[in-house]
There are 2 protein chains.
Amino acid sequence: MTRKSKPAAHDRHQRAEPATTTVLTQVRELIVTGAIAPGARLAAEKIATDLGVSRTPVRSALAVLTAEGLVSHSMNRGYTVKDIGFRDVLDAIDARAVLEAKACGLSVDYGWSVEELSTLRSHVERGRAIVDAGRWSEELEREWYGANRAFHSLVIRASRNTIIRSAIRMTLIHPIFGDIARISPVVSQYVPRRLRAIPDAPPDHIVESQQDHEAVAAAIEQDDAVLAEKLMLDHTLKGKKRLISVATRR
Amino acid sequence: MTRKSKPAAHDRHQRAEPATTTVLTQVRELIVTGAIAPGARLAAEKIATDLGVSRTPVRSALAVLTAEGLVSHSMNRGYTVKDIGFRDVLDAIDARAVLEAKACGLSVDYGWSVEELSTLRSHVERGRAIVDAGRWSEELEREWYGANRAFHSLVIRASRNTIIRSAIRMTLIHPIFGDIARISPVVSQYVPRRLRAIPDAPPDHIVESQQDHEAVAAAIEQDDAVLAEKLMLDHTLKGKKRLISVATRR
DNA sequence: GGAGAGACGATTGGATGCAATTATGCCTTT
DNA sequence: AAAGGCATAATTGCATCCAATCGTCTCTCC
């Protein structure tokens, strides 16, 4: 017995991460992806056994999710998944619009490093390549949304404003925007099924978004904070308008 | 024994509110008011005995505070109060500026009820009366800040945007803004002591803020959403500029 | 037959107990 | 005497346990 018995003794209290954190991300994922339906009760016992922990970390995680606004809580009656209505989605878009626009403007005020700028360019070019590929598919769409998300996170990070970053992450803003209308079921429930089909060419709104990204990137490269902020604001609000027009067209 | 034995039986499990919620607000208050210094460790056992509960609700509350960004957490090493720097305060002001400005614009878009408008007027007039009182005191200043807070909350509520509301409440934005520079020690630590003295007449920044409120209220009454949004944005950013000029003047 | 009261079961919120990890102090060693 | 190592103490994180509350079902009474 010369070896330390550290590596994997009991496996029970042997976590790299607190169980509360694990449960938190897991349950949040289940809610955001719609695996747990809105309005459903969140029985602590069931979640605990499902995830292989006791109720204590589950209850902690649910408290956090309540603060985040994803679930609601009634004294002695447990937790339920909040039902996110169309109005909430629009509200979240408005909130994100101003936060992200400001982040964009601040990033220019702060100044972009050459590395950041080149990363930004690569994200934009990746999106352009996908749009210009001459074809379209679920795979390409997923990829474009990947570039989209990378573009937006980079801008938000470049603002160096951690408060805005966590404000965007917080509340419903982040979950809802997983990737507008397609990935996030919270949003896609408001989009008619036929509009969710995969066409042969990139849909108009993606072409338009790609152009928006390029315009924003250009404004950033030209150090025009005011323009960059305005372009980013318009970009997000276009998404809101599109969602409204699409949702009412049933 | 004809009376119901409901009112106050054991007092132990007889809460109108979960202990987690109580602990949450209590500890948050302690942190925001500076009663617990930044960087201090938050020993669960001590907090529990101090507040007369067990460690379980305390741990839940600390998890929420971590999500809110007020405390940081290290695995197996407990929780510590996050040290909020000047940069964080400025970041929070930027975030709040755009959120509250948007809320203001949205409130006009949505439309104000006559009751809301009259409440708004009364808050503005209360502030005006205090500023015009011809004297000044700690008491008057507290009152003016009360009217200030009422004014801002009303505008935010009138936006009908619950996401923006909780975004403002969340992260550090709300605590920091308890009442700029005076009430909140998080901010006032950056303000030289001599500037915190109580003068005989209302200080310039309060007179200016009062004027701003009146201008915003006027724009709201005239249904000018764009103007109201811009005025509110400028109002908050003025506070940021003032804080910067005051903090660097040591 | 319907309404209300009461009881049972299920589930919650909180307190306590236990294993593991980290911090602290003392001792040894060079 | 300083540095390192070891043991002890303190504290964390989680599981378990218990009392209180809520929901539901049944039984009774009108």
Side-chain angles (χ1 to χ4, degrees), chain A residues 1-27 36 39-67 70-82, chain B residues 1-27 36 39-67 70-82:
Chain A
M1 284 299 188
T2 49
R3 298 195 64 176
K4 295 276 185 68
S5 57
K6 280 247 174 166
H10 289 295
D11 188 66
R12 189 178 174 187
H13 288 287
Q14 200 85 15
R15 305 171 188 285
E17 193 184 48
T20 299
T21 308
T22 316
V23 174
L24 178 60
T25 48
Q26 297 251 4
V27 175
I36 306 180
R41 290 193 65 251
L42 291 164
E45 183 69 48
K46 178 163 166 41
I47 296 173
T49 53
D50 282 0
L51 299 182
V53 294
S54 85
R55 278 177 18 203
T56 310
V58 172
R59 296 188 65 257
S60 273
L62 289 176
V64 174
L65 289 173
T66 304
L70 279 177
V71 309
S72 58
H73 175 251
S74 258
M75 176 66 164
N76 286 325
R77 254 192 290 166
Y79 299 83
T80 56
V81 179
K82 230 185 198 169
Chain B
M1 284 297 193
T2 49
R3 299 194 65 175
K4 294 277 185 67
S5 58
K6 278 247 172 167
H10 290 295
D11 188 68
R12 189 179 174 187
H13 289 287
Q14 200 82 14
R15 305 170 188 287
E17 192 184 50
T20 300
T21 308
T22 315
V23 174
L24 178 58
T25 47
Q26 298 250 3
V27 176
I36 306 179
R41 289 194 64 251
L42 292 165
E45 183 67 49
K46 177 163 167 40
I47 296 173
T49 53
D50 282 359
L51 298 183
V53 294
S54 86
R55 283 170 24 217
T56 310
V58 173
R59 285 176 39 70
S60 275
L62 289 176
V64 173
L65 289 172
T66 304
L70 279 176
V71 310
S72 58
H73 175 251
S74 259
M75 175 67 164
N76 283 327
R77 253 193 289 170
Y79 299 83
T80 56
V81 179
K82 230 183 198 170

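A, B, ... follow the sequence lines: proteins, then strands. Residue 1 opens every chain. What you see is a predicted model; the values in this text were computed from it and never measured. Quick note: numbers below take in every heavy atom, side chains included, and nothing from hydrogens, waters or symmetry partners.
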Between [options], spot the one nearest the side chain of [X], thanks.
| X | options | value |
| --- | --- | --- |
| P18(B) | dT12(D), dG14(C), dT12(C) | dG14(C) |
| V53(B) | dA15(C), dT21(C), dG14(C) | dA15(C) |
| M75(B) | dC22(D), dG14(C), dG13(D) | dG13(D) |

Which of residues 55-63 of chain A sit near DNA chain C, with a heavy atom under 4.0 Å from it?
R55(A), R59(A)
So which one's nearest nucleotide on DNA chain D is more toward 5', S54(A) or A44(B)?
A44(B)
Roughly how many Å is it from [atom1] in [X] to [atom2] in [N], rounded to a whole number?
| X | N | atom1 | atom2 | answer |
| --- | --- | --- | --- | --- |
| I47(A) | dG13(C) | CD1 | P | 12 Å |
| N76(A) | dC22(D) | CG | C1' | 7 Å |
| R41(B) | dT24(C) | CZ | P | 8 Å |
| H73(A) | dG14(C) | NE2 | C1' | 12 Å |
| E17(A) | dC14(D) | CD | P | 10 Å |
| E45(B) | dT22(C) | CD | P | 20 Å |
| Y79(B) | dT22(C) | OH | P | 15 Å |

Within this structure, what is the [atom1]-[atom2] distance for the pair [X] and [Y], rounded to the nearest 0.5 Å?
| X | Y | atom1 | atom2 | answer |
| --- | --- | --- | --- | --- |
| I47(B) | Y79(B) | CD1 | OH | 10.0 Å |
| T22(A) | E17(A) | OG1 | CD | 4.0 Å |
| H73(B) | L42(B) | NE2 | CG | 11.0 Å |

Which residues satisfy the side chain to side chain contact (heavy atoms under 4.5 Å, CB included) test with T25(B), sequence neighbours excluded?
R28(B)
Pairwise side-chain contact, T80(A) with R41(A), heavy-atom cut-off 4.5 Å (strictly under):
yes
Could you tell me whether the side chain of L51(B) reaches within less than 4.5 Å of the side chain of V27(B), counting heavy atoms only?
yes
Give the table of side-chain donor-acceptor pairs shorter than 3.5 Å for residues 54-63 of chain B, with sequence neighbours excluded, one pair per line with atom names and distance.
residue, atom, partner, partner atom, Å
S54(B), OG, T56(B), N, 3.3
S60(B), OG, S60(A), OG, 3.4

R77(A) vs dG23(D): side-chain N/O to OP1/OP2 distance below 4.0 Å
yes
